[in-house]
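Heads up: the structure comes next, in structure tokens.
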2 protein chains.
Amino acid sequence: MPRRKTEPAAEANRRTEVLRAAARLFVEKGFEATTTRDIAEAAGMRSGSPFYHFRSKLDLLKAVILEGLAASEARQQAAIAGVDDPLDRLHRLVRAHLGSLFEHDTNAPLLIGETRALDAAARRQIAEAFDRYQIPWQQTLDALVAQGTLTSAAPPLRLWLFGMLNWSTHWYRPDGAMTLDALADSAVAMLLGQAPG
Amino acid sequence: MPRRKTEPAAEANRRTEVLRAAARLFVEKGFEATTTRDIAEAAGMRSGSPFYHFRSKLDLLKAVILEGLAASEARQQAAIAGVDDPLDRLHRLVRAHLGSLFEHDTNAPLLIGETRALDAAARRQIAEAFDRYQIPWQQTLDALVAQGTLTSAAPPLRLWLFGMLNWSTHWYRPDGAMTLDALADSAVAMLLGQAPG
DNA sequence: AAAATAACCAAGCGCTTGCTTGCTTAAAAA
DNA sequence: TTTTTAAGCAAGCAAGCGCTTGGTTATTTT
């Protein structure tokens, strides 16, 4: 029984609510520290009910990461569509990524560390999705080299960049003095060697 | 009964073996996913024995992080002792930090994320230790600004740098083609804006 | 030699965990 | 109107969890 008789047929899948609750808790407390009871309660259900929508807790983790990553990818595509200038593109990529980390409710990149718990097949699938996500980054870095703004775009550069952005979740607070735009500016300046505008 | 009658009085504290085993497992599988039985087995004990040396699993985590951090600090001090040139100092700081991440057996920086599990008092204590660890970094960055090698050393710069190094644990493999020295070179080059030597 | 201590082991307690099973009911399909 | 389906709930099971307790033995101290 759908626990609400009102709202005729509109409301979207209840599965999504479980997914969102799980994503938030996984990020907040970590995968292992989050119980399926926590998730059920956060979604307003009884303890066994999430298992109607997901076969196992691991399955739920996999879905959280993959669907969250897909959302970040969509956000990324929207941010750079039609933008040709490489520096502008880079800035938008950085800003969109930080947005996925701090603004969105399903921030997948944070959960890379939790993939430990998954089996090899799931890990490979997630790694492939991450690789796809990073393709526009490498292309943009290459373009910056071609126009002389950067001197080299060997693969480690992209990984350094990606890493420094992801780690910012350990120190940046969105409600602090620094805006997300300023954070993005700072990151780009760091990459370009503090050559200020 | 100390399980070995040989080795008269030499062998160091058995506590240390528990600590090391815990450190390795916490890094490998994460704090929550590691059971006290895992730790006991890795140290060659029965399941309850670690609790002779540590009051609780959380206490063990705290000790792993604090003592690991102290070891990294010692390594850091040894690396920069008597070195005056700022760029040389920076390079040594970076190299020593990567060494703590990949070579040492108790690599504390990786466990920052696991402090979630600890109470506020322990977290504060660890944060203070981390702040101490970062003091030489900020000093060196300031010196690089003073000599004109960097244009700015505002606090985010140090955090970006620290973050990109720490995140390298997600992609760098010490047994791969790239040596740790080369990795350190690459990181410094990234910070200086790819101005190659 | 006697007493104290350090460093465990063997056994298990109470609780939490992921997950299952059988039932129920609102809504949709026939 | 009857039947089927989607979406749960109530209850609980077996395994695993952190941790305790009471004893045991090699070593150290007195």
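Note: hydrogens, waters and symmetry copies are ignored here, and every other heavy atom, side chains too, is used. A note on names: the letters A, B, ... follow the listed sequences, proteins ahead of strands, and every chain is numbered from 1. Since the model is a prediction, treat every value here as computed from it, not as a measurement.
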Legend entry - Residue met sooner reading DNA chain D from 5', once B:Arg55 and A:Ser47 are mapped to nucleotides: A:Ser47
Inset, instruction - Keeping the roles fixed (side chain from A:Asp131, backbone from A:Glu128), state whether a donor-acceptor pair exists under 3.5 Å. - result: no
Inset, instruction - For A:Tyr172 and A:Met178, indicate whether the former's side chain and the latter's backbone hold a donor-acceptor pair under 3.5 Å. - result: yes
Inset, instruction - Give a yes/no answer on whether the side chain of A:Tyr52 brings an N or O atom under 4.0 Å of OP1 or OP2 in D:dG8. - result: no
Inset, instruction - Over 60° means perpendicular and under 30° means parallel, so classify the ring planes of B:His97 and B:Phe162, tilted if in between. - result: tilted
Inset, instruction - Check every strand shown and say whether B:Ser49 touches a base, only sugar-phosphate, or nothing at a heavy-atom separation below 4.0 Å. - result: base
Inset, instruction - Verify the contact: side-chain N or O of B:Arg46 to OP1 or OP2 of C:dA10, cut-off strictly under 4.0 Å; return yes or no. - result: yes
Inset, instruction - Please report, rounded to the nearest Å, how far the P atom of C:dA10 is from the CD atom of B:Glu41. - result: 14 Å
Legend entry - Whole angstrom value for the distance that separates P of D:dA7 from CG of A:Leu19: 15 Å
Legend entry - For atom NZ of B:Lys57 and atom P of D:dC19, their distance in whole Å: 8 Å
Inset, instruction - Examine D:dG8: is either OP1 or OP2 under 4.0 Å from a nitrogen or oxygen in the side chain of A:His53? Give yes or no. - result: yes
Legend entry - Candidates C:dG18, D:dG8, D:dA7 - which lies nearest the side chain of A:Met45: D:dG8
Legend entry - Near-ring test B:Trp171/A:Trp160, centroid separation under 6.0 angstrom: yes
Inset, instruction - Whole angstrom is fine here: how far is it from CG in A:Leu58 over to P in C:dC19? - result: 7 Å
Inset, instruction - Nearest whole angstrom, please: distance from the C1' of D:dC19 to the CG of B:Leu60. - result: 13 Å
Inset, instruction - Please evaluate the base of D:dG18 for a donor-acceptor partner in the side chain of B:Arg37 within a cut-off of under 3.5 Å? - result: yes
Inset, instruction - Take the protein atom CG of B:Asn13 and the nucleotide atom P of D:dT27, then report the distance between them rounded to whole Å. - result: 16 Å
Legend entry - d(CD, B:Glu32; C1', C:dG18) in whole Å: 15 Å
Legend entry - Side chain B:Thr115, main chain B:Leu111, donor-acceptor under 3.5 Å: no
Legend entry - Nearest-Å distance for atom pair CG/P, residues B:Leu61 and D:dC19: 12 Å
